[in-house]
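Please read the structure below before turning to the comments.
These figures come from a predicted structure and were not determined experimentally. In what follows, residues are counted from 1 in the order of the sequence shown. Scope of the values below: all heavy atoms of this structure, side chains included, with no hydrogens, waters or symmetry mates.
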Amino acid sequence: MEIYLSENFGDVKPKNSSEEALQRWRKACWLVKNHKRRFRFTANLSKRFEAEAIRRSNQEKFRVAVLVSQAAIQFIHGLNLSSEYTVPEEVKAAGFEICADELGSIVEGRDSKKLKSHGGVDAITNKLNTSVDDGISTSEHLVNQRKEIYGVNKFAESPARGFWVYVWESLQDTTLMILAVCALVSLVVGIIMEGWPKGAQDGIGIVASILLVVFVTATSDYRQSLQFKDLDKEKKKITVQVTRNSCRQKLSMYDLLPGDIVHLNIGDQVPADGLFVSGFSVLINESSLTGESEPVNVSELNPFLLSGTKVQDGSCKMLVTTVGMRTQWGKLMATLSEGGDDETPLQVKLNGVATIIGKIGLFFAVVTFSVLVQGLFSRKLREGSQWMWSGDDAMQIVEFFAIAVTIVVVAVPEGLPLAVTLSLAFAMKKMMNDKALVRHLAACETMGSATTICSDKTGTLTTNHMTVVKAYICGKIKEVNGSKVYSDFSSDIHDSALAILLESIFNNTGGEVVKNKDEKIEILGSPTETALLEFGLSLGGDFHKERQRSKLVKVEPFNSIKKRMGVVLQLPDGGFRAHCKGASEIILASCDKVVDSSGEVVALNEDSINHLNNMIETFAGEALRTLCLAYLDIHDEFSVGTAIPTRGYTCIGIVGIKDPVRPGVRESVAICRSAGIAVRMVTGDNINTAKAIARECGILTDGIAIEGPEFREKSEEELLDIIPKIQVMARSSPMDKHTLVKHLRTTFQEVVSVTGDGTNDAPALHEADIGLAMGIAGTEVAKESADVIILDDNFSTIVTVAKWGRSVYVNIQKFVQFQLTVNVVALIVNFSSACLTGNAPLTAVQLLWVNMIMDTLGALALATEPPNEELMKRPPVGRKGNFISNVMWRNILGQSIYQFVVIWFLQTRGKVTFHLDGPDSDLILNTLIFNSFVFCQLARKICGCLLFCW
């Protein structure tokens, strides 16, 4: 069976399956009782194709609209025509001076002329009754007025499907329709022959069973849909940094209003249409909207920001102008039908299993019906009544046909692929409680097969709560001890050195010191920036005074490729000064001078360079992150278009930042090791820091630690030798991580999960079998590329995801074993009995009961069992593991033989053993057989189901 499944249903991958592969397995599933139900949780390829066509059409329309708008503006300008804008009365009455449509036409059409005619960004800010420094007022009355005039930042969604829709879809089952017809015929003929109510019993029994099956199935499906709806809400939660009422705060993207001042950083999604207010080096990726891969430079000259695009580099303040369905992104989202997620490999495999068993069941049903009808004809021939047919004979043929159809109902296990969805939905819901948000269904089951985890260090293995604990300044190592910091440093460090240090900390930063709603000081920014700003404040520095003292001319934000950040300041005396900070050895290599113990700038020589490198290694050996700070006075004129210099800097000092290992990480790594999952640390930090943390976590044992630059220089042959031994990769770039993941997956056939938080991690997250983005530190770009979002950024949560993944796999194996056993026994019992005795021991009503119990209640009981600790003591399934193993087949056959023997004994010896006699003996015997059949398989499972429902 595995060979057949691999050939016909094995092309579907956990990620990025081709459309041909998705089409191929659908064509192989020709025996389907209910298309709507069977394919409900698979990708709707036709709708997906329509959606892509609409997307391409909209992108083309958008480009054309921009060109037409620009041409029209030039034409009007050439004719010296003026188009006066009149503010609508309702907008004036609300206290605004520009309407939503006018704002939309400015930003969506990138209409610089119209923007200029309104007075530019500052004038638009005033017309929206807001302030670039303070934001909008949050008074309820004013917020409601703003909503009424400009709308809200929400997109149109398809209405939720109600319970009765699922009932209707369950009724679309072809075999149930045929059984309903049989029930109607049985009802009519029975009443004619035997009168009411005796003649109606069989027909009513079948109808009641059909309705029960339909309602139980619909209830199960409806509950699944509610779970998916809750998960979809979680996926759409995006928060942004906003200034309102003079306070910087986090706000849901869907609560934004025109006039809001939004702070955007690298990796963020632009949450609404708006205008650039201030910022540096902003590059926007508009491919999601326009299809163009080339990033767009946004500045005061080109201030237009469009909803749905991504910040590829830089940071800025943005004025929100248009929201929700008025934006191009909102219109695009509304026109795109939901194509659904790709089906998972396990879903596809089980569809294949259902197809194989369905074919066998159809064969047995036809043969059983033929044998039963032939038996009736033979009896009538023996009696010489072949030309005399009564209503009883017609009823028998109808019952034979109903039994044959019901065999198909039981034999085609529609519940198999749906049990996967049920198990995945259950696991996804429970994982949400365990701080893991699954974005793609396939990630659940794939994580259960993981053989390697490539984990970041900062924030995943460590707490991400950073503090500066040591500093090397002016040739002295200083401990940073809370309240004594200022007195310690001011007594030993020269004033000029302290001043340049504070200038560097407060200006060369991506963070900010603000007041929150409670008027308390709050530091915003990454954990590293927060640690440095806290250090600066503890030295007695004033963030705002320092920022006002000089003018920021240019900023080059930190990224994981350069491993440095730089700014250029215009000093009060008119000169320029560059500051840079970053990876200690990289910044130190840019320096040729250092501030000495007297605060004087002296040239670096070989001894002083070696001394500084020793300081870096000493800090790193204590598991501290090290950063070097440096500055350069620029005596020539400097313009925004000039690159920040990379040589000739003066080293101010080196700081050591403590980021403690998370509690429980060492134990989680040990669990992974016992489960056959290799854990590798991939970090941008110094190799000594990385090795110290890796040893503390139990990751670095008998393997090797390597730096990214060295890894890049290795040949293919050398990589084949060292990759299996790598346990730590330090100073790695995003492409180093991508290369490592690619080799592990393709060359070594590992199932790889990778963590990432930055924009540049997107390629590695996309390449991995399971991409894990960080929920706290992760950018929107990283989250969008990931399969699972780790909401608490904790490595232990990744282990929990692996455990749930294994649980899904094992639960589905149990359900398959259970269902195949029932199918085999039901088919053999009815078929053999029909061939040997001319009667079927299990009636249509009884078979429908079996189908309901095994298809729906059995799935609830088996597919939703929670994981246990024993799951993490087994080796992983890996990439080539067989789902239906030889052990599993032995269990299926063993249980089938056991049940068949029990039921066969009851059928052949039942009347003698239980002294059954009289007109109702057949009914009593059939009831005994049915009860035994159900009891043998389901006693424990029904208890489990009831417990689950409770």
Check the pair Thr626 / Val655 against side chain to side chain contact (heavy atoms under 4.5 Å, CB included), numbers first and verdict last.
-> CA-CA 6 Å; Thr626 64; Val655 295; over 6 Å; no
Would you sort out whether Asn507 and Ser550 count as a side chain to side chain contact (heavy atoms under 4.5 Å, CB included), showing the intermediate values?
-> CA-CA 9 Å; Asn507 286 286; Ser550 51; 4.0 Å; yes
Apply side chain to side chain contact (heavy atoms under 4.5 Å, CB included) to Asn794 and Arg662, showing your working.
-> CA-CA 8 Å; Asn794 194 337; Arg662 283 184 183 274; 3.3 Å; yes
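Remark: the Ser455 side chain and the Arg680 side chain contain no N/O donor-acceptor pair separated by less than 3.5 Å. Side-chain atoms of Asp273 and Thr321 form no donor-acceptor pair, as typed in the model, at a separation below 3.5 Å. With no hydrogens or angles considered, a side-chain donor-acceptor pair links Ser598 and Asp596 at under 3.5 Å. A donor-acceptor pair shorter than 3.5 Å can be found between the side chains of Asn245 and Thr138. Looking at Thr125 and Asp122, their side chains never bring a donor and an acceptor atom within 3.5 Å of each other.
Salt-bridge annotation for Glu503 and Arg577: present, with a side-chain N of the basic residue lying under 4.0 Å from a carboxylate O of the acidic one. Using a 4.0 Å cut-off between a side-chain N of Lys or Arg and a carboxylate O of Asp or Glu, Glu512 and Arg248 qualify as a salt bridge. The existence of a salt bridge linking Arg547 and Asp542 is excluded, since no basic side-chain nitrogen approaches an acidic carboxylate oxygen closer than 4.0 Å.
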Just distance, no hydrogens or angles: give the donor-acceptor pairs under 3.5 Å from side chains in residues 462-469, sequence neighbours left out.
| unit_1 | atom_1 | unit_2 | atom_2 | d |
| --- | --- | --- | --- | --- |
| Thr462 | OG1 | Lys457 | O | 3.3 |
| Thr462 | OG1 | Gly459 | N | 2.9 |
| Thr462 | OG1 | Asp659 | OD2 | 2.5 |
| Thr463 | OG1 | His465 | N | 3.3 |
| Thr463 | OG1 | Asp659 | OD1 | 3.3 |

Would you list the atom pairs, donor with acceptor, under 3.5 Å between side chains in residues 259-272 and any protein atom, with sequence neighbours excluded?
| unit_1 | atom_1 | unit_2 | atom_2 | d |
| --- | --- | --- | --- | --- |
| Asp260 | OD1 | Arg244 | NE | 2.7 |
| Asp260 | OD2 | Arg244 | NE | 3.4 |
| Asp260 | OD2 | Arg244 | NH2 | 2.7 |
| Asp260 | OD2 | Leu257 | N | 2.8 |
| His263 | NE2 | Thr243 | OG1 | 2.7 |
| Asp268 | OD2 | Asn265 | N | 2.8 |

List, one per line, each side-chain donor-acceptor pair under 3.5 Å for residues 275-285, sequence neighbours excluded.
| unit_1 | atom_1 | unit_2 | atom_2 | d |
| --- | --- | --- | --- | --- |
| Ser281 | OG | Val555 | O | 2.6 |
| Asn285 | OD1 | Ser287 | N | 2.9 |
| Asn285 | OD1 | Ser287 | OG | 2.7 |

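Aromatic ring centroids of Phe506 and His579 lie 6.0 Å or more apart.
The ring-ring contact (aromatic ring centres under 6.0 Å, His included) search around Phe638 returns none, not counting sequence neighbours. The side chain to side chain contact (heavy atoms under 4.5 Å, CB included) check on Ile521 picks up Val513, Lys515, with sequence neighbours excluded. Applying the side chain to side chain contact (heavy atoms under 4.5 Å, CB included) criterion to Lys581, with sequence neighbours excluded, gives Asn508, Thr509, Glu529, Leu532, Met565, Leu629.
Side chain of Ser785 to backbone of Val781: a donor-acceptor contact under 3.5 angstrom is found. Listed for the Asn610 side chain is a donor-acceptor partner under 3.5 Å among the backbone atoms of Glu606. A distance-only check finds a donor-acceptor pair linking the side chain of Thr309 to the backbone of Leu306 [under 3.5 Å]. Side chain of Lys563 to main chain of Phe558: no donor-acceptor pair is present (N/O by atom type, distance under 3.5 Å, no hydrogens or angles). Arg731 places a side-chain N or O within donor-acceptor distance of the main-chain N or O of Gly684, the cut-off being under 3.5 Å.
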